[in-house]
Visitor: 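Below: one structure in structure tokens.
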Amino acid sequence: MPTQGIPIDEVVSDERELLRPNINYNHKENMSNTNDISPGRRAAFQVLAGGSAGFLEVCIMQPLDVVKTRMQIQCTPANTITAEGTYTGVFDCFAKMYRQEGITSYWKGLIPPILAETPKRAIKFLVFEQTKQFFQFGSPTPTPLTFSLAGLTAGTLEAIAVNPFEVVKVAQQANRQKKMTGTFEVAREIVKRDGFGLRGLNKGVTATMGRNGVFNMVYFGFYHSVKNVVPESKDSTWEFIRKVTIGFTAGTLACFFNIPFDVAKSRIQGPQPVPNQIKYRGTFSSIGIVYREEGFRALYKGLVPKIMRLGPGGAIMLLVFDYAYEYLLTNHS
């Protein structure tokens, strides 16, 4: 044997020396490959990861979005609405929708989010990642202000892109008929009746910008700032729990800040109290009308289903993005 006459400790030492360079080389090669990814490819990965995150979040959380919209467009006092048509809470809304419209009503307006949310989330994460550098203001690393301003920019731009889909979605979700109307049929009817402008497919665009901009400012600002402060765990399970907790908290906090814009958006884009008479027009004027006629609490209508959706939804979205983006970066070749 080739090792005959050689002390065993020297053989083991030689074997370790042979193995060590290979391990280090592979690690350095992986790091080098990740660092050598072009900006264009990184942007493509951000679009793919963000789109995947948005698609998954919408499919899981759509029923809560329908309930939230139903509660927000419900005016109080409801003189013209029967008791059976009035929703007193989240579970009451679920129960009455099931009795009156069937279980499929929970997914009313699903197609517009499917069509819009994937590119919407892709735009959100792409713009956020690409604009962070512009908001560092001389700092060598991103600050909480960086994350918040990049989030505000991302949310505002995504809102402009998806607002027509939001108009169609709200129209479908507000429809209490058992028979579901097709997405393209609803869109065609809106365009035929009101056109593409601020009374048609783009009505409520400023409210959507306010809602999405404020949400993402808080959402990204909190998530990334806290994530950088709370130490990472070497255990994969605890690291997963850490990210879920931070993501859930970020989504929940953002809901408290942006829901008045969400209520205004639902009132502007939903059916008006009196047919053929527009009551809710501008964002801040709609917030003022709701406050004067229904009180401060009315500006937080739909908060519970919104938190139930965007709390876990925020965690799902950021986790899917983080893991999908990391996977694409690591296995890009």
Side-chain angles (χ1 to χ4, degrees), residues 24-59 113-162 212-213 215-234 236 239-240 242-244 246-247 250-251 254 313-333:
N24 290 339
Y25 174 77
N26 289 333
H27 175 71
K28 288 178 180 178
E29 183 179 41
N30 288 336
M31 291 295 291
S32 177
N33 288 341
T34 301
N35 292 332
D36 290 344
I37 299 174
S38 67
R41 181 169 285 191
R42 282 182 181 273
F45 290 164
Q46 289 158 10
V47 169
L48 286 172
S52 302
F55 177 81
L56 188 63
E57 189 264 346
V58 166
C59 291
I114 290 293
L115 295 175
E117 289 289 329
T118 301
K120 170 184 172 180
R121 304 306 185 191
I123 292 171
K124 179 210 295 268
F125 285 105
L126 174 64
V127 173
F128 175 75
E129 294 292 339
Q130 296 298 318
T131 57
K132 282 190 297 186
Q133 58 184 315
F134 300 112
F135 298 116
Q136 291 185 210
F137 304 116
S139 174
T141 57
T143 63
L145 180 62
T146 301
F147 297 128
S148 296
L149 292 178
L152 176 64
T153 305
T156 303
L157 291 179
E158 73 166 6
I160 297 171
V162 304
N212 291 25
F215 181 89
N216 286 291
M217 178 179 70
V218 178
Y219 182 61
F220 281 115
F222 181 89
Y223 179 79
H224 287 282
S225 300
V226 174
K227 193 178 78 166
N228 291 339
V229 172
V230 179
E232 291 187 21
S233 174
K234 294 181 180 179
S236 59
E239 177 61 13
F240 177 81
R242 180 184 80 99
K243 287 184 176 180
V244 166
I246 298 172
I316 290 169
M317 198 157 47
L318 285 170
L319 277 172
V320 173
F321 177 80
D322 277 355
Y323 285 118
Y325 186 47
E326 184 180 344
Y327 175 82
L328 290 170
L329 288 177
T330 306
N331 299 276
H332 69 281
S333 59

Visitor: Working note: T156 + N212, criterion side chain to side chain contact (heavy atoms under 4.5 Å, CB included); need CA distance, chi angles, decisive distance, verdict.
Guide: CA-CA 6 Å; T156 303; N212 291 25; over 6 Å; no

Visitor: Supply the atom-to-atom distance Q136 CD to L149 CG, rounded to the nearest 0.5 angstrom.
Guide: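 Rounded to the nearest 0.5 Å, the CD-CG separation comes out at 11.5 Å.
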
Visitor: Between OG of S225 and CD1 of I246, what distance do you get to the nearest 0.5 Å?
Guide: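 If I round to the nearest 0.5 Å, the distance is 10.5 Å.
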
Visitor: Side chains of T146 and T143: do they bring a donor and an acceptor to under 3.5 Å?
Guide: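 A donor-acceptor contact under 3.5 Å links the two side chains.
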
Visitor: Can you name the nearest heavy-atom pair linking A150 to T131, along with the distance?
Guide: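 That would be CB-OG1, 3.6 Å.
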
Visitor: What is the minimum heavy-atom distance between G247 and Y219, and which atoms define it?
Guide: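 What the structure gives for the nearest pair is O-CE1, 4.4 Å.
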
Visitor: Can F45 and F125 be said to form a ring pair (Phe, Tyr, Trp, His ring centres under 6.0 Å), step by step?
Guide: CA-CA 10 Å; F45 290 164; F125 285 105; over 10 Å; no

Visitor: Under 3.5 Å, is there a donor on one side chain and an acceptor on the other for D322 and Y223?
Guide: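 There is such a pair between these side chains.
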
Visitor: CZ/F215 to CZ/F220 distance, rounded to the nearest 0.5 angstrom?
Guide: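 Output value for this atom pair is 9.0 Å.
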
Visitor: Check E129, K124, E57 against F321 for a side chain to side chain contact (heavy atoms under 4.5 Å, CB included) and give me the one that passes.
Guide: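 Among the candidates, only E129 passes.
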
Visitor: Does K243 make a cation-pi contact with Y323 (under 6.0 Å, within 45 degrees of the axis)?
Guide: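 Verdict for Y323: a cation-pi partner in K243.
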
Visitor: Quick one: pull up CD1 in I123 and CG in L157 and give me the separation to the nearest 0.5 Å.
Guide: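 So the gap between those two atoms works out to 8.0 Å.
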
Visitor: Measuring from atom CE of M217 to atom CG of L145, what distance do you get when rounded to the nearest 0.5 angstrom?
Guide: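 It is 10.5 Å, given to the nearest 0.5 Å.
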
Visitor: Check the pair Q46, Q130 against side chain to side chain contact (heavy atoms under 4.5 Å, CB included), reporting the backbone distance first and the verdict last.
Guide: CA-CA 10 Å; Q46 289 158 10; Q130 296 298 318; 3.1 Å; yes

Visitor: In the structure I gave you, are the side-chain heavy atoms of F240 and L319 within less than 4.5 Å of one another anywhere?
Guide: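 Yes. Closest side-chain heavy atoms under 4.5 Å.
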
Visitor: Let me know which of L329, L126, V47 forms a side chain to side chain contact (heavy atoms under 4.5 Å, CB included) with R42.
Guide: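 It is L329, the one option of L329, L126, V47 that forms the side chain to side chain contact (heavy atoms under 4.5 Å, CB included) with R42.
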
Visitor: Should the ring pair F128 and H224 be called parallel, tilted or perpendicular, given that the plane angle runs from 0 to 90° and is split at 30 and 60?
Guide: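 Ring orientation, 0 to 90° scale: parallel.
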
Visitor: How far apart are the closest heavy atoms of E158 and N216, and which atoms are they?
Guide: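 Where E158 meets N216 most closely, the heavy atoms are OE2-ND2, 3.2 Å.
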
Visitor: Without swapping roles, check the side chain of R242 against the backbone of S233 for a donor-acceptor pair under 3.5 Å.
Guide: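 Such a contact is absent between R242 side chain and S233 backbone.
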
Visitor: Of all heavy-atom pairs between A53 and V320, which one has the smallest distance, and what is that distance?
Guide: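 Of all heavy-atom pairs spanning A53 and V320, the closest is CA-CG1, 3.6 Å.
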
Visitor: Which heavy-atom pair separates L328 from A49 by the least distance, and what is that distance?
Guide: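 Residues L328 and A49, closest heavy atoms: CD1-N, 4.4 Å.
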
